[in-house]
Each structure stands twice: as C-alpha cells, then as structure tokens.
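Shown next, in structure tokens, is the structure this report addresses.
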Amino acid sequence: YKTINVKQQINDKDSILWTYKNLISLNHASKEQLMTIKGIGPKTADKIIDYRNEHPFATIEEIKEVSGIGEKTYLRIRELLCL
C-alpha cells in the first residue's frame with residue numbers, strides 16, 4: 001500500500017486502505033467505554049447513562065444537556081462520539 005493525496009487520481013492498480021477511529025456510542029457504550037474518553041470520569045459516565053435511559057440521544061450535540069458537559073468539553077470530544 002502507499003499513501004496517496006486525496007486529490008490525486010487513483011489508478012486501477014492502486015489499493016486504498018481506510019483507517020478510522022473507534023467511536024464511542026452515546027446510546028450503547030458501557031460506563032467503562034465512556035470513561036475511556038479523556039475527561040469523562042465515573043460520575044459523568046453515570047450521568048450520560050442516566051440521561052440516555054430517560055431519553056436516548058437523538059444527536060451527538062445533545063450530550064451538552066448532561067450536567068457537567070459544556071461547550072468546551074463537547075468540542076473536545078465530539079469527534080470521538082457516535083449514536
């Protein structure tokens with residue numbers, strides 16, 4: 001495999017290897033999985049789980065409704081999250 005510029009034309013003989021980050025599901029992650037996110041400790045993980053038990057997350061941005069997660073935290077962790 002070789003690294004290519006995304007603007008570069010891809011030839012038939014080229015192979016593409018996609019890499020991705022493991023995302024944490026707001027609606028399905030365990031407490032331990034949530035705690036792998038820097039800045040999310042046991043109490044905040046519990047709050048996330050309590051929130052989703054009341055009403056599952058419809059958007060990632062909705063995590064800001066959880067007490068203790070403000071705009072700064074949201075901006076820092078949003079790329080690590082999925083529904």
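Numbers for residues simply follow the sequence, beginning at 1. What you see below is based on every heavy atom in this structure, not just the backbone, and it leaves out hydrogens, waters and symmetry mates.
Atom NZ in Lys72 sits 14.0 Å away from atom NZ in Lys64 (nearest 0.5 Å). For the atom pair Ile49 CD1 and Lys31 NZ, the distance stands at 7.0 Å (nearest 0.5 Å). If you take CD1 on Ile63 and CZ on Arg52, they are separated by 10.5 Å, rounding to the nearest 0.5 Å. Atom OG of Ser25 and atom CG of Leu81 lie 9.0 Å apart (nearest 0.5 Å).
Arg78 places no side-chain N or O within donor-acceptor distance of the main-chain N or O of Ile60, the cut-off being under 3.5 Å.
Scored by the salt bridge (Lys or Arg N to Asp or Glu O under 4.0 Å) test, Glu62 finds no partners at all (sequence neighbours excluded). For Phe57, the ring pair (Phe, Tyr, Trp, His ring centres under 6.0 Å) test picks out Tyr51, with sequence neighbours left out.
A side-chain contact (heavy atoms from CB on, under 4.5 Å) with Cys82 holds for exactly one of Asn27, Leu23, Leu26, Ile24; it is Leu23.
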Step-by-step side chain to side chain contact (heavy atoms under 4.5 Å, CB included) determination, Ile48 to Ile69: CA-CA 9 Å; Ile48 293 169; Ile69 299 183; 4.0 Å; yes

For residues 34-44, run the donor-acceptor check on the side chains, cut-off 3.5 Å, and write out each pair with its distance to 0.1 Å, sequence neighbours left out.
unit_1	atom_1	unit_2	atom_2	d
Thr36	OG1	Gln33	O	2.6

